[in-house]
Amino acid sequence: MTVTLYHYLMLAGVLFAIGFFGVLLRKNTLVIYMCLELMLIASTIVLVAFSRYNGTMDGNVFVFFILTVAAAEVAVGLAIIVALFRRRMTIQVDELNALKN
Amino acid sequence: MNNLPVDLLLLSIATPLAVALAIALGLPKRHAIKLAYVGFGVPAVIACYLWSQFPANPGAEYAFMTSYATGLEGLGIKLTLGLNGISMPLFMMAGIVGLAAGLYAIQSGAERLKIYLMLLLVMHAGLMGMFASIDIFFFYFFHELALIPTFIMVGIWGGRDRGYAAMKMTIYLTVGAMLSLIGLIAIYMKSGAESFDMITLRNELLMNPMRDSTQTTIFGLLMFGFGILVSLWPFHTWAPLGYGAAPSSVSMLHAGVLKKFGLYGLVQIALPLVPAGAMEWAPMLAWLALGNIIIIGLITLAQRDLKQMVGYASVMHVGYGFLGVACLSVLGAGGAVLFMVAHGLSVSLLFLLTTSIHHRTGTFDMDQMGGLAQKAPVLAAFFLTAVLASIGLPGPGLLNFWGELTIFMAVYDHAQWMVVPAVLGVVISAIYGLRAVGRVFYGPATEAFQCHQQGRVIEDLRWNERIPAIILLVTLIGLGIWPKAISTSLNSALEAIYPAVEALTVHVAGQ
Amino acid sequence: MFATIFYLFAFLSVGSALAMVFNRNTVHSAMFLLLSLVGVAGVFALLDTGFLALLLIFVYAGAVVALFLFIVMLLDMQGGERKPFRPAAIAAGVVTAGLLVVGLVSFSGAVQALHAPEAASVLPVGVNLKHYANQLFTTYLLPVQVVGFLLLIAMLGVIVLSKRFEGLEDIK
Amino acid sequence: MAPTQLAFLLLLTPLASALLTALFFRRSPAVGRALSLAAAAAIVVFSSMLIFATDGFSRSAEWLVIGPLTIELGFLVDDLAKLMLFVVAFVGFLIHVFSVGYMKGDANAARFFGCLSLFMFSMIGLTLADDLIMLFIFWELVGLSSFLLINFYYDRPAAVAASKKAFIVNRIGDFGFLIGIILAYWAFGTITLADIALRLDTSPELVTTTIALLIFCGAVGKSGQLPLHVWLPDAMEGPTPVSALIHAATMVAAGIFLLCRVAVIMTGDALTVILWIGVATALFAGVTALGQRDIKRILAYSTISQLGFMVAAFALGSLLALRSGVDGALAGLAGGAAAAMFHLTTHAFFKALLFLGAGSIIHSSHHEQDIYRLGGLARRMPITFATFTLGTLALVGAPFLSGFFSKDAILLLAYQYDPKVFVLLLIGAFLTSFYMTRLWVITFLGVPRTDHAAHAHENGLTMTIPLIFLAVGAVLAGYTWFYPEALAVVPRFAHGLLEGEGHTLAAVAGTGVFVVGAALGFLLYRPGAREDFLQTRMPALYRTLEQRLFIDALYDWYVAKVQQRFALLLNFLEQIFLSGLIIRGFAGLVGLVGIGARALHVGSLHAYVHWFLLGAVILWAIAAGLF
Amino acid sequence: MNTEMLQAAAASNQWLAIFPELMLGCLALFLLVLEMVLPKKQHELIPTIAIIGQGAVLVGLLINYRTAFIGEETFNGMLLHTSGGQFLRCFFLLASILVSILGMVALAKQRMPRIEFFHIVIVVSAAMMLLAQSNHFVMLFVALETITIGFYILVSYTRTNPLSLEAGLKYLIMGALSSAILLFGIALLYGVAGNPALAGATAEAMNFGALQVFLQANPDNLLAAIGIVLVLAGVAFKIGAVPFQIWIPDVYQGAPTPVTSFLAVASKAAGFAILLILVRVFGPYHSVIVPVLTAMAIATILFGNLAAITQHNVKRLIGLSGVAHAGYLLIGVIAAMTQPLAVGAIFFYLLAYLLGSFAVFGVMTHVAGPDDADQDLDHYADLGKTHPFLAMVLAVGLGSLAGIPPLAGFMGKLLIFIAAFKAGLYLLLVVAIIGVVISIYYYFGWIKAACFPSLRAPLTEGEADPTPARTPVGLAAGITLATLALASVLLGLYQGPFGEWLSLH
């Protein structure tokens, strides 16, 4: 039983799918946001795995950027969530539907 | 023939636009009105002057040709202006109707007159450009330029139901315009000439006509596109509604001139360029045109609202134009052009007078009118003349008569039996025309009208209403008495550019 | 041995991810996210990129998850989701899950069709930390600069969205 | 002056008068009257010059050329035109003079005279036309002026309705006329009459017959033949001089003129149809006249009846000529045209006289037109009485007056052609005599039945002089020596017919029915009777006659109940189905879809993420080749 | 890695090539410095300085429009300078200037800090400019994320308004999701293209040129196809193509109006900039991307137009109409795969769209009340009477968007149609025409609401006027709006130098 690229990619795929599923399932904005982070991480696995198996550096460097960007995104996102919570006293997505139709 | 000191054609388009711009930039009302006279007058003067300079036997040649690059030469688009025997009469008609409509608008005292005049001037520029364009792209372009102010003017200054009417009109016309635009682009694409220039296209297609199936598709697009624009039955319902709601000058320009776009397009572009396609569609077109003449004719009989009735009547009459086109011959097309000129003049006259009637009766409902002739005999005389002209009675409507006669001749040549329903339309239009005259002007005044009269003076047609009417009437009668003034060059042009059409017709007849 | 470690990390990350998704407590979810990230970091390490594994832990565990927890605490909503799942939502979830599984199967097929090289035959480039530096300061210099600006506007954004301003008393 | 110029001058003089009046002198009756009268006088002068000083000529110019269509308009002055011109100019002038008196004091007299000039213009143009199109143009213009004059009193609903009816019914006739012209053009390749005569053999017989009948449709409309006669009695709503000029002497006779003009294309079948229509009209109108009480209406039916005679005469003469093997081209003038035109001429004089006489009566009795409200006018209006009597005698065919000769010629032709027709026309002549006697007796004899009639008195000179002149014409127009040389061709030809076989019989029979009719009239209609004989004895019959055999009612029913309802139905269908169901329905459908699409934005993030999932799945499927 | 290589790599970092972007970055920083240095009272000046600075950069960019870098790769293949890229740089800069001007007007109604707004707008537009020239997935991703994060902030900028924050949250979640999808796609493509087991494998798998070569060599790799569609999905989110358009109305409504305009114009254009680059790269997989894009275009045109016709909130309306515009542009993108003419057509369309949109947004900014999210068609009642200038600009802008001659929008549509015709995309053409016809309804409905005399019953006493007070038109805004309207007209009448794009062969 050897571990090949296939396994890494499937792991990434499964995590990506779980993340996606979580986004669809959860109503708490914070958890949704966590799931999104998970999806990003799943993508990084793909990059790292390919980088390793293809012998090129680009994927790894890309991951570096992704982590940076994700951190910034989280900061901004959480700031928005906090501000929203302060105004609306909820972060449940099904209650955040003042904008519709 | 091209040694004019300035490019008058461009000037005739640019003057109204420039005046409109000046008004838009905030000219005071007093000056705006003075300038508007210039804006409407110059094109008319130019149109008449060019007409007087126009060669008698131009053949396929265009006179007064000029060309300007607008940046799309790469696509074969160039602002090329010029007039041939087909467009000259219409160009002149546009100038004259524009002048009349403009004069009428200036005196109308509409609310926010400046903006009204501005939009009308833009519309007028579009009309002049439409007939002066050799480039079919600009032909379309100018049409739309004229169309859009229509919508706004109907919406702002319109009468009953203006919102709905404006909307319906615009959507209908957009559908028509889009179909015809695609048709025109298709000609551009499929001709292989890679040019929108009508002359280039014609030369190219004369040598290498498109495949028959392509032609059929293109003509279908153009026919239905133009058909919607010209209110071909059953795509006409926007027209009476729109004209019923539109302010008078807009109805005049739209029904009189703008609407000729489609018929002109069929005569000038569709028939010569895609004759085989025309062959395929001609029977259908003829049937629909008969729908215009008979069905709309009868519907006109049922109208109580005077302006609606005039609107329906104008819809009915364009059926003759389509019928002429459907004959696929020099005769039919020539008749259609003659008829277009006549129809443009007479229908705009009718709309003008209808509004003048409205000013005096306060209603368009014919059941509430009556006996206006006693108060306004001159108006009655003008209206009667206009009605008689529009029903093609020789005399005031001699030009209409020539047009109709030529079309009937062509129709008989094309499909003998069809002449019967076609001519029947003449009877129908006489019925509703005279009925309207009778109801509005003759007989004793109705109670409603008497109520309306109380406390106000019903004056006769004022001079500033009279002058535009006279302009139209004199042109109409003059051309009617001496139709050769337009028919000679028209015939020469048609003979020169219709060989393909005629050959095809003869070929089929020979089978 | 290698495989066992891989599966350990893999199951750790997948299991924690599932736990994160299905746990109703937001704090627990955040913790499971952290756990899942640890698993991923392990996988990274197996892929000879220890640097990235460390970075992942630092950035995510040290910053992101901490931030999440901080916010959860701040907003005081450990209570999790109050409402039970509605049947429609469950049905949607099942369908969604089904679609995702189908997607995964398809993905698996596609990946299998790819003739992957053997790991042993390729030089592990990610091991050498110097490579990262070289790349970042030569080839990827411009993106690095851009990321700098990105961080700057993110910072400004957080300030704008959170700071108390004079005259903006409406933030409770 | 060249003949063409003269013709132009002749044509444009009345037009100028009309235009000047319309443009500048609408409000000054005096100027309008003077202008019009001057124009009428000028017409007499110019037409005399044209008739007497020039030979026949024709001149045409290209007017419109489009593709294969060439339309040439021009003048044709021949014997036919000259005779017609003579009638138009002289009768027209006399009626102008009469109008001066008749319209005195009417504020709108300028309009009246302007329209009269317009009519003269149109009629002259019609007379001089050398081709079908020009004929048609002026034909329509004549109709227009007729329309304008009928509704001269446009505040009266009846006048308005009558004018509309006249115009539309004429238009229906013209519908056929126009199609006929179109057919003729494609059959013969020309619309010029002279050229058509040369190219007769280019068209098959059936087509020629069709063309002939279609053109005859025009004549049916204008000359009030069955079934398009309904407008003519109603047209009496116009001022009486108009009735005299247009609806008795000239315009309605234009149909006959038209037939004579296109005589060359007549075929046997066409002529047979024309003959029977003429005969039927003659009889029908004669019968109907018996049920009328309005003096002008009686005269109008009389006119219709006489026009039926003329049409029949034309057909009979032409048929006879055809039977005797004369070539079609010559058949026209040889046979029917002469008889018809001769009767037209004499009729123009005596019928104009009768109408003016009626006008004189109406004018002096405060517009009383019901004969049963008149009476005893013989003594009060001696000149009118005398001239009217002469006119009546001429009309009924009393020997040695003009009507005698022209009617005799027609009877003779009928006798020669077919005894059946002869008998029917004799009945027609008898009816003429009968109803005219009724009219004469009731109106002039006895005592006045109303104050209006009692206060009647003779009119001024402007009205009586024309009566006298016309009476002279009515007496003498039957004699060939009456006509100047240039005009004598047609009368002489007609007199020539009288020399034919059976002329004694025809003359005797004609005189006989006149005597019988007059006697019967005197017997049944007593002077001073207050009620109509038929009305008291046979009310049902009288009512039928009064209602003009219900033909008008039938038309009214058709217009109101069939045509208008059909129009309303179509309008309804358009509003409901086309505008409503299809267009609005389609728009509504689009709007519904739009509302649906808009409703998809539920505001919930989950729903939106599902969209993304959906999109990703579809895209994935496309990538995997599932689509 | 030896030193020479590194030096070569360093040498390829030609900063001059991105001078405008650098200047924008400096300008952004300078604004922050000014905020600290200048006394509070003179903070009013900062937006003006921001606008003037951007204007100066734009002028410089236009002067050096035909730079020597065109056709060159710089920064080790991170960027590829093209003439199209040059246009888009100007385009984005122009857009950011206009957004800044609108921001000046709109933010005056809010008591929000303002300098940050301009700072972020400038940085985002610089990122867009880089994005339009990117030639490498890393560059693309970083620039894209800069833009996206900038927009997260901008959308929720008026944090006093919960709707703005809600819009920000929605944009945040959807944006992050699309980023994740995009990223997954990029990762797959990177992996496949770098796979040494495959023919044409490349070490520079993130580089577009190399990737294209690889794809050419392997035209039917399933994983690559999946990667491609995932990348397209990510881009589709940016341009708002169905089914990734669903967020648009909500976010547009909640965002402050200037930001909405930025989203509607620049963000969309950025998406198309990427898409134009990517369809070239993905060209060998046309059997995948053509159906994808075709289906998207059809659905986008129909959905956008249909959903808009009953819409009453003008911000949502213009969002949905923007969806439809994305559909028309997608037709151009598809045509661009075979017809070089289409690229020029897209550019022209974008320019016309910019002019028309900003004219409309400018008017919206003036008509909007303090609640930025609540902008109803009814608020436009009698605009023609009270503010004829605004009404005229609105009519021109909407007319141009609707594609009415003689306005620029018509020429844009015409060129797209011609390109589509040349490419034989008849089905799309039919759909586009249906879309245009439907769109007339709501565009003219808007004009109707603004210009036509309204039939509203007069207010009863004590009833509050539901129409918010309109902002008076300032000089700068007035000139801007007039210029936009005039440019829309002139560009429709005379294309002049822009016509050159259409002969890009």
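Throughout, protein chains are lettered first and strands after them, A, B, ... in sequence-line order, and every chain is numbered starting at 1. Side chains are part of it too, since the values below use all heavy atoms of this structure and drop only hydrogens, waters and symmetry mates. Keep in mind that what you see is a predicted model, and the values were worked out from it rather than measured.
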Chain A interface, residue from C:Leu56, C:Leu136, C:Val101 that has the most non-hydrogen pairs under 4.5 Å: C:Leu136
Which portion of C:Ala10 sits near chain A, non-hydrogen atoms under 4.5 angstrom: both
Chain A contact via C:Leu104 - which portion, at a heavy-atom distance below 4.5 Å: both
Gap between atom CZ of C:Phe11 and atom CG of C:Leu18 - 0.5 Å precision: 11.0 Å
Part of A:Thr44 within contact of chain C (heavy atom distance under 4.5 Å): both
Toward chain C, the part of A:Phe16 with a non-hydrogen atom under 4.5 Å: neither
Toward chain A, the part of C:Val14 with a non-hydrogen atom under 4.5 Å: both
Spacing of C:Phe9 atom CZ and C:Ile5 atom CD1 [to the nearest 0.5 Å]: 7.0 Å
Contact origin within C:Val65 toward chain A - heavy atom pairs under 4.5 Å: neither
Reported CG-to-CG distance for the pair C:Leu69 and C:Leu34, which is rounded to 0.5 angstrom: 8.0 Å
Engaged part of C:Ala30 at the chain A interface, taking heavy atoms whose separation is under 4.5 Å: both
A:Met34 CE to C:Phe32 CZ distance, which is reported to the nearest 0.5 Å: 12.0 Å
Atom group of C:Tyr60 that falls short of 4.5 Å from chain A, counting heavy atoms: side chain
Region of C:Ser29 in contact with chain A, defined by heavy-atom distances below 4.5 Å: both
Top contributor to chain C contacts, counting heavy-atom pairs under 4.5 Å, from A:Val82, A:Val23, A:Ile32: A:Val82
Nearest-0.5 Å distance, OG1 of residue A:Thr68 to CD of residue A:Glu73: 12.0 Å
Spacing of CG belonging to C:Leu156 relative to CG belonging to C:Leu161, to within rounding of 0.5 Å: 10.5 Å
A:Phe65 portion near chain C, given a 4.5 angstrom heavy-atom threshold: side chain
Heavy-atom contact with chain A under 4.5 Å, split by part of C:Leu99: neither
Max heavy-atom pair count under 4.5 Å with chain C, selected residue of A:Val74, A:Leu5, A:Thr4, A:Leu9: A:Leu9
Top contributor to chain C interface from A:Tyr8, A:Phe20, A:Phe50, A:Tyr33 [non-hydrogen pairs under 4.5 Å]: A:Tyr8
Nearest heavy-atom neighbours spanning C:Ala97 and A:Phe21: CB-CE1, 3.6 Å
Member of A:Ile41, A:Ile45, A:Val46 meeting the side-chain contact (heavy atoms from CB on, under 4.5 Å) criterion with A:Leu15: A:Ile45
Part of C:Val158 within contact of chain A (heavy atom distance under 4.5 Å): both
Which portion of C:Leu37 sits near chain A, non-hydrogen atoms under 4.5 angstrom: side chain
Choice from A:Ala71, A:Ala42, A:Gly55 maximising heavy atom contacts with chain C below 4.5 Å: A:Gly55
Contacting region of C:Leu47 [heavy-atom separation from chain A under 4.5 Å]: both
Stepwise side-chain hydrogen bond (donor to acceptor under 3.5 Å, both in side chains) check, C:Thr26 with A:Asn28: CA-CA 8 Å; C:Thr26 315; A:Asn28 187 318; 3.2 Å; yes
Chain A contact via C:Ser36 - side chain, backbone, both or neither, heavy atoms under 4.5 Å: side chain
A:Arg52 side-chain N/O to C:Thr49 backbone N/O, donor-acceptor pair under 3.5 Å: no
Partner of C:Phe51 by ring pair (Phe, Tyr, Trp, His ring centres under 6.0 Å), out of C:Phe58, C:Phe44, C:Tyr132: C:Tyr132
Under 3.5 Å donor-acceptor, C:Ser106 side chain and C:Val102 backbone: no
